[in-house]
Amino acid sequence: MMTDFTWLIGGPQGSGVESGANIFSRVCAAAGYNIFGKREFYSNIKGEHSYFTVRVSEKEIHSNVNDVTLMTSFDAETIFRHFDEVSAGGGIIYDSGLEQTETVKVRTLDKPFLDRLHRRLESLDCPFTVTGALNAARNNGVTLYPVSFKSLLEGMAAESGNERLRNMIRMYNVIGVSLSLGLVGMPAHPLYKSIGAIFAKKPQVAQTNEHAARYAYSHARQLGEFAHNLPGIAQRPDTILVQGHYGTSLGKMVAGCRFQSYYPITPASDESTYLESHEILEVRNDRPGSTAVIQTEDEISAIGMMIGAALTGTRSSTSTSGPGFALMTEALGWAGINEVPIVITLYQRSGPSTGLPTRHGQDDLLFAVFAGHGDFAKIVYASGDIEESFYDTGRCFNYADKYQIPVIHMMDKFLSSSVVTCKRFDPSRISIDRGLLLEEIKGEYKRFAATPNGISPRSRLGLAGGIFWNTGDESDEYGHITEDPYMRIQMMDKRMSRLDLVLDEIPESEQAVSFGVSKYTMISWGSAKGPILDAQTMLKENGIDVGFVQVKLLHPFPAELIGRLLAGADTLIDIEANHSGQLGKLLLQNTGRKPDYYILKYTGRAMTCTELYDSVYNIIHGTAKHREVLTRGA
């Protein structure tokens, strides 16, 4: 059978769970497998539960599944929260010193979860202890692998003569990873190489971690047999392992973005800090320079600085999340009335207000579409995966420059927290179109001149002869304030005409993508794409043909195109990660068609393809409700 294996590691926030998962992902990717990894964590800095699931497969994958094949735990909470997720035939590697831990002694287990856990253990006639949870798993066909993590540290200390190792519980994550890889038969060399790469800037740390890995890997042989193995397969050419924010970060570099402002906010900050870490401010004749990144005092300053940079002719952007974007909306309108090309990368999370700061949601679609007071032209555009986001970033800058409008590029926490294998990005596919950006001015210059297509030639600040005015008021063609009613009509019509131009000129393949249309067809946007594609494959493997249309251009809404794509669909299923089915509202508003079913998830956890498969299957067989709410995820 084809390999499809899911590994889970958990522990307190700050205990190295992410580092461990990154090592595991690197090793499996180096062994030729496809990877889809996802991190879940609380919004505190340390202490609360964090976990990372890594799906490993020989086939192309785009999401996680419900079941875990192998879990590695060095704390009690991970066992309590995830023992029920490990499937029959799977395994749990755990610290044997935890066996007598009672549920009520784990202070980070909140009361609602604790009540559900107690009801579950009671229904299985198991005590409220780690042993009880493990027995429940074993009764479900899971193999248990008890290991004394403390004894392993002591053995390492004795072997190396380094007594400090006895108390280095930070090594638990590397020990867990090494035990897991040894148990599934993964060759050891990629493990040591991955550790060296992750800790390359800290040679002593890398050496200590490699020693721990070698010791634990050799001990894995004593654990016994496991029903699953990952021996490695032929490596695929031009495949890379990337983190969620790499797509937009690298896309901005390649697309010629030379200024980014930001105020720190989860999950958007990863993009800006990545750009900062690769910042080279020196400009040479043979190199245009990298992106200058400025951390501002707040989001209002961030959008203001971005607009100022854009007025100089510099490709400029900012990256934020819902609460930060809320503060930017007044200045967004200023950019709209002054026809300033800017790109806002909006990494959504669960709202409203602070909501779930580190959790997933597609909550901001309608907010982005209707952001700002008054009517002005803007584009709202959504990427469905990390690879797509790289090329879409280049498109968003071209849209902004060509149509001289703000572009809001929709991303989210699901994408930002993912680690995936994908085809190597091809920079040659990102072309740069600066639109009507002038290099010189001849004769009289009108910044907002009326033109046949509504787009005026744009001058850079400081360009000789290119004098113009910008205010937040309505203006004439020179930028001078006016309240003349006929000039108002002319300027409003000029700006708003770009929405029709966008729909006419942007290729249909960039507006929406059809993955087949049938009697039952799913419609969605953004990161729901991955779980939907995997669920669609699962349904097809079971003889069920279900279509899928991904909407990328969300404003202006491509009503005519979507109407044509959905013409053959009798039953329409709207799938989104928000409460109200926001795409469904846009669909009804723009086409008059209402989805027949909704599959929604707003727990803050990402969808799995298994959940979607079950829900769509139930719809087709007439056992589903009109509105299905998904709940999977700890």
Side-chain angles (χ1 to χ4, degrees), residues 7-33 35 37 39 45-46 50-52 54 56 70 72-75 78 93-97 145 147-223 230-232 235 240-243 246 273-274 277-278 419:
W7 179 76
L8 183 149
I9 185 172
Q13 182 82 346
S15 64
V17 167
E18 185 171 8
S19 296
N22 285 336
I23 293 170
F24 189 91
S25 300
R26 278 174 174 263
V27 172
C28 293
Y33 294 107
I35 303 297
R39 181 190 177 205
I45 296 174
K46 283 190 175 184
S50 173
Y51 68 99
F52 212 122
V54 181
V56 181
L70 178 63
T72 300
S73 171
F74 47 82
D75 76 324
T78 299
I93 299 172
Y94 70 96
D95 188 347
S96 58
Y145 300 98
V147 180
S148 172
F149 280 54
K150 182 180 179 182
S151 296
L152 287 178
L153 281 180
E154 290 174 348
M156 287 165 50
E159 181 184 79
S160 65
N162 183 358
E163 289 300 310
R164 291 178 56 199
L165 289 175
R166 293 182 183 275
N167 299 311
M168 292 184 70
I169 60 173
R170 286 279 297 183
M171 295 289 102
Y172 279 7
N173 62 333
V174 172
I175 290 173
V177 171
S178 304
L179 290 170
S180 300
L181 291 171
L183 183 63
V184 298
M186 181 68 74
H189 177 69
L191 168 62
Y192 311 140
K193 186 177 179 180
S194 296
I195 290 172
I198 287 177
F199 299 108
K201 294 182 179 180
K202 301 176 181 179
Q204 189 172 356
V205 174
Q207 185 179 14
T208 303
N209 277 275
E210 184 178 335
H211 177 69
R214 289 181 182 276
Y215 192 85
Y217 185 88
S218 64
H219 185 84
R221 301 171 187 169
Q222 304 172 25
L223 295 179
L230 297 173
Q235 292 192 346
I240 56 174
L241 180 71
V242 293
Q243 295 188 29
Y246 284 12
T273 54
Y274 182 82
S277 68
H278 294 82
V419 175

Taking all atoms of both residues into account, what is the closest heavy-atom pair of [X] and [Y], and its distance?
{"X": "M168", "Y": "L153", "answer": "O-CD1, 3.6 Å"}
{"X": "A21", "Y": "I9", "answer": "CB-CG2, 4.3 Å"}
{"X": "G176", "Y": "F149", "answer": "N-CE2, 4.1 Å"}
{"X": "L183", "Y": "A220", "answer": "N-CB, 3.9 Å"}
{"X": "H211", "Y": "M156", "answer": "NE2-O, 3.7 Å"}
{"X": "S19", "Y": "I198", "answer": "O-CD1, 4.2 Å"}

Side-chain touch [X]/[Y], heavy atoms, less than 4.5 angstrom:
{"X": "F74", "Y": "V17", "result": "yes"}
{"X": "E18", "Y": "S50", "result": "no"}
{"X": "Y192", "Y": "Y217", "result": "yes"}
{"X": "L241", "Y": "R26", "result": "yes"}
{"X": "I23", "Y": "I195", "result": "yes"}
{"X": "F24", "Y": "T72", "result": "no"}
{"X": "Y51", "Y": "T78", "result": "no"}
{"X": "V56", "Y": "I35", "result": "yes"}

Nearest 0.5 Å, please: how far is [atom2] in [Y] from [atom1] in [X]?
{"X": "N209", "Y": "L191", "atom1": "CG", "atom2": "CG", "value": "10.0 Å"}
{"X": "D75", "Y": "I169", "atom1": "CG", "atom2": "CD1", "value": "10.5 Å"}
{"X": "S194", "Y": "F199", "atom1": "OG", "atom2": "CZ", "value": "11.0 Å"}
{"X": "I175", "Y": "S180", "atom1": "CD1", "atom2": "OG", "value": "11.5 Å"}
{"X": "I240", "Y": "Y246", "atom1": "CD1", "atom2": "OH", "value": "9.5 Å"}

* Chi angles and distances behind the side chain to side chain contact (heavy atoms under 4.5 Å, CB included) call for L152, L179 -> CA-CA 11 Å; L152 287 178; L179 290 170; 4.2 Å; yes
* Count the heavy atoms of every other residue, nucleotide or ligand shown that sit under 6.0 Å from CD of E163, and state whether that count exceeds 12. =>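 More than 12 heavy atoms, drawn from other residues, nucleotides or ligands, come within 6.0 Å of this atom.
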* Would one find more than 12 heavy atoms of other residues, nucleotides or ligands at under 6.0 Å from atom CD of E159? ->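 Buried by this count: over 12 neighbours within 6.0 Å.
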* To do: In sequence, state the C-alpha distance, the side-chain angles, and the governing distance for M171 and T208, and then conclude on side chain to side chain contact (heavy atoms under 4.5 Å, CB included).
  => CA-CA 9 Å; M171 295 289 102; T208 303; 4.0 Å; yes
* To do: Kindly determine whether W7 and V184 satisfy side chain to side chain contact (heavy atoms under 4.5 Å, CB included), including the steps that lead there.
  => CA-CA 11 Å; W7 179 76; V184 298; over 6 Å; no
* For the pair Y145 (side chain) and Y94 (backbone), establish whether a donor and an acceptor sit closer than 3.5 Å, ignoring hydrogens and angles. =>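 The answer is no, because no donor-acceptor pair under 3.5 Å joins these two groups.
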* **Main-chain N/O of Y215 paired to H219 side chain as donor or acceptor, under 3.5 Å** =>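 The answer is no, because no donor-acceptor pair under 3.5 Å joins these two groups.
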* **Worked verdict on L223 versus V147 for side chain to side chain contact (heavy atoms under 4.5 Å, CB included)** => CA-CA 8 Å; L223 295 179; V147 180; 3.4 Å; yes
